[in-house]
Amino acid sequence: MNYHLVVLGCQMNQSDSERVKRVVEEMGLVETLNEDDADLIGIIACSVRQKAIDKVYTKIQKWNSLKNKKPLITFATGCILPDDKLKFLKQFDLVFDIGEVLSLPKLIAQYGVSSPLVNALGMAKKLSFPSKSDISLDAIMVDSDVMIRSDIKPTASFLSPLKRKTISFENQQWEVKPKYNSGFEAYVPIQNGCDKFCTFCAVPYTRGREVSRPSTEILDEINHLVASGYKSITLLGQNVNSYGKDSQGSELSFADLLSAVGEIIEKARADVWVYFTSPHPRDMTREVIEVISRYSCLAKQIHLPLQSGDNKVLIRMNRKHNMDRYREIVGWIRELLPTATLFTDIIVGFTGESDEQFDRTRLAMNEFKYNMAYIATYSPRPGAASFQWADDVDHAVKKERLAVLTTDLVVSASEYTSQMMHQTIKILVRNDDRKQGYLTGHTEGKIVVRFACDDKALIGQFVQIKVTSTTPFSVEGNLV
Amino acid sequence: MSRRPYQLHEILEKRVLTDSTFVLRFERKELEFKAGQHISVGPPNGIHTREYSVYSAVNDNAIEILVKEVMGGLVSPALNHLKEGDMVVVQDPVGYFSLPVNHTPTSKYLFIASGTGISPFHCFVKTIPNLNYQLVHGVKYVGEAYEKHHYDKKRLTVCTSREGKGDFYGRVTTYLQTQNIDKETHCYVCGNCDMIHDVYDILEEKGVPSAQIHAEVYF
């Protein structure tokens, strides 16, 4: 039997998909890239933009029409708003929270698809718990109300060895060893959900509140990746630097976690770049920047979302930081990480954004000299608080503001890349370039580099490149 | 202690304040919060919840929220149909609209609210005895000065925009323009975004540093 998985949205969904794949493949299913060949089709949905949700509806219509020709089971998971979830229940065979991924084999078994894993789950005996939120150490939870005791010896070998003293009923995906999509780059989820309630964003309503993954599990995964020769590791979370704040002192802080990661990699004498995304300015501390400065493996690349350069727009966005705060953090970065590249996210044309307010964002762009900015024109997202407010900035004005900021970005990005000319730089080779006979990769600061080479064995390796030409966002060079 | 999933809490009391506004008082259970934080609350049989600042004091043995029914809303009309003995679903508190870490008994506060935006200030005042505050509450009619007897009369100014029965006839912004504001004052603003923006401008004009202006947008 074959399965096909469609993944929409951010790196977190990519990371979740690696866990879904593992669970499905443990059932004996084989991945196919052709949905017509699939017996099981799933989608990891994204609610960040309406367009992504519309894509889910388009897909399921097609998949349901396939059911006239052959047996097919469909499922949806990922970031789904409550209203969409109700609608999906009418169209998909299965809809579940990603945190319930360990229930998937049992759910699929209800359609007559059995596997060794499902049989193993069938051995489990139901237990009742004094509290629904936590269960004790000597058990592995496989769904909301079924457990396998450790003495049952489950065949579910894809489950990570337990390190924590209790297991939450949420975020079961962290219990699954992922099937990494790459042999040299890995995403490691450290936190899920969001407490910030930015008015343009629906994540608190799809992924729930911030929950930190136990640090023991994170560090185990880092150890495994380092031992396996991974070259790039990205710590993931909606507010990655809020790590530990939900645990009320019983968990490491984000700075401590970074430090522990740095220690593991230094002790192993491994050549690895560690990134994290996305941090929130509200929770960024000088200590985090200091830790990054101490460990060479902690990449000197910071993604710090700005969203707007105007304090009043930031208030309307419910961003919980102001420009003074943002400026202070950038000051720490420039002081302690002088070689760091700085990336950001910006929304133009947010509800009520005046010309003056936009001009302040432009000033901020010029002040902070970003290497990259992901600039979006505002579009109301159902489920987000701002959806009820008038989308009162004309579309043409939004596009113009986007163009203006992009032009400014080109200037600041060029200033950086032009200084790379004639330098010899270390890069991680990632894949074939679109240009025939070229490979591409990126620097520690995530500046894209391409070079003439057809030796695909270099993919996944660090190499030295001498830069021969530059553009605003990338450079080209020769293999040294 | 890790986050709890949604919990059911029994409603202990419903206090009707106006035709559309009421206080729901429900079981505390193990819910811990900081003054100024909000919780997500919804009917037990629905799929939606909404965020409400906690209205009651941190040391109260129950939890209260102040709710204004929004016509056509997904949550507040359903909450208004509930009665004592019914359940609500509640998610643990979050939020950053708290008094500053360097709070001292002599710290001066100016609280500015519109409508139900008074909720976190009610929590502050009930939680911290002898808090050195002035509260400016903007409403249309004086009947919307929710439970004004809970505040020290000398510290509360009700600004009414549609009738002259409050302490000041006009909007909070008009009132604030007439006031001298000490630059050392910590200013907290809660309510609709347009009011917050206007107040923000006034406070900046009066020389209050942006680091001392704290805003919580109600939506």
Side-chain angles (χ1 to χ4, degrees), chain A residues 81-83 85-86 99 131-134 144 164 166-171 193-199 204-205 208-212 214 242 245-251 282-283 310-325 328 351-352 357 383-389, chain B residues 1-8 29-30 32-34 36-40 42 46-53 70 72-75 89-98 189-204 208-219:
Chain A
L81 286 162
D83 284 334
K85 198 173 277 184
L86 279 185
S131 160
K132 276 231 158 187
S133 61
D134 291 313
S144 303
R164 48 176 125 166
T166 59
I167 304 173
S168 167
F169 272 79
E170 298 172 328
N171 293 305
C194 183
D195 288 353
K196 301 297 186 287
F197 290 88
C198 298
T199 53
Y205 307 100
R209 299 287 170 79
E210 289 170 2
V211 179
S212 299
S242 305
K245 286 181 180 290
D246 58 293
S247 304
Q248 295 165 3
S250 64
E251 191 46 275
R282 191 196 176 277
D283 292 327
D310 181 81
N311 280 339
K312 283 161 69 176
V313 174
L314 290 172
I315 287 173
R316 194 183 286 274
M317 290 176 166
N318 202 28
R319 283 291 290 169
K320 310 295 183 198
H321 67 88
N322 60 24
M323 287 304 296
D324 287 344
R325 168 76 179 146
E328 180 182 36
T351 304
Q357 289 169 336
S386 67
F387 187 71
Q388 62 189 303
W389 297 337
Chain B
M1 180 179 158
S2 59
R3 287 262 164 87
R4 308 174 313 162
Y6 278 104
Q7 300 275 315
L8 283 168
K29 292 193 166 175
E30 301 90 23
E32 297 295 329
F33 68 98
K34 281 197 284 189
Q37 287 193 307
H38 55 84
I39 52 178
S40 293
I47 59 169
H48 295 286
T49 58
R50 284 288 175 267
E51 298 76 54
Y52 293 96
S53 297
V70 177
L74 294 169
V75 174
V89 292
V90 178
Q91 197 174 21
D92 277 359
V94 291
Y96 310 94
F97 196 62
S98 304
V189 198
C190 183
N192 77 70
C193 194
D194 290 337
M195 181 278 291
I196 291 174
H197 279 183
D198 292 343
V199 168
Y200 191 94
D201 285 342
I202 293 166
L203 295 176
E204 276 204 321
V208 179
S210 64
Q212 283 172 223
I213 305 173
H214 310 270
E216 182 90 323
V217 179
Y218 270 24
F219 38 78

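Quick note on labels: first sequence line is chain A, next is B, and so on, each numbered from 1.
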Turns out that what part of B:H197 lies under 4.5 Å from chain A's heavy atoms comes down to both
d(B:H38 NE2, A:D195 CG) to nearest 0.5 Å is 8.0 Å
A:Q357 meets the side chain to side chain contact (heavy atoms under 4.5 Å, CB included) criterion, sequence neighbours left out, with A:D310, A:K312, A:V313, A:E353, A:S354, A:R360
* Is any side-chain heavy atom of B:S40 closer than 4.5 Å to a side-chain heavy atom of A:R209? -> yes
Counting heavy-atom pairs under 4.5 Å with chain B, the top scorer among A:I315, A:N318, A:D324 is A:I315
The interface call for B:I196 against chain A, heavy-atom contacts under 4.5 Å, is side chain
Taken in chain and number order and not counting sequence neighbours, the residues that satisfy salt bridge (Lys or Arg N to Asp or Glu O under 4.0 Å) with B:E216 are A:K320
When the 4.5 angstrom heavy-atom criterion is applied to A:L86 and chain B, the contacting part is side chain
Scored by heavy-atom pairs under 4.5 Å with chain A, the best of B:F219, B:F97, B:Y96 is B:Y96
Okay, A:R282 and chain B: the region with an atom under 4.5 Å from a heavy atom over there is side chain
Here the gap from B:L74 atom CG to A:D83 atom CG, rounded to the nearest 0.5 Å, amounts to 6.5 Å
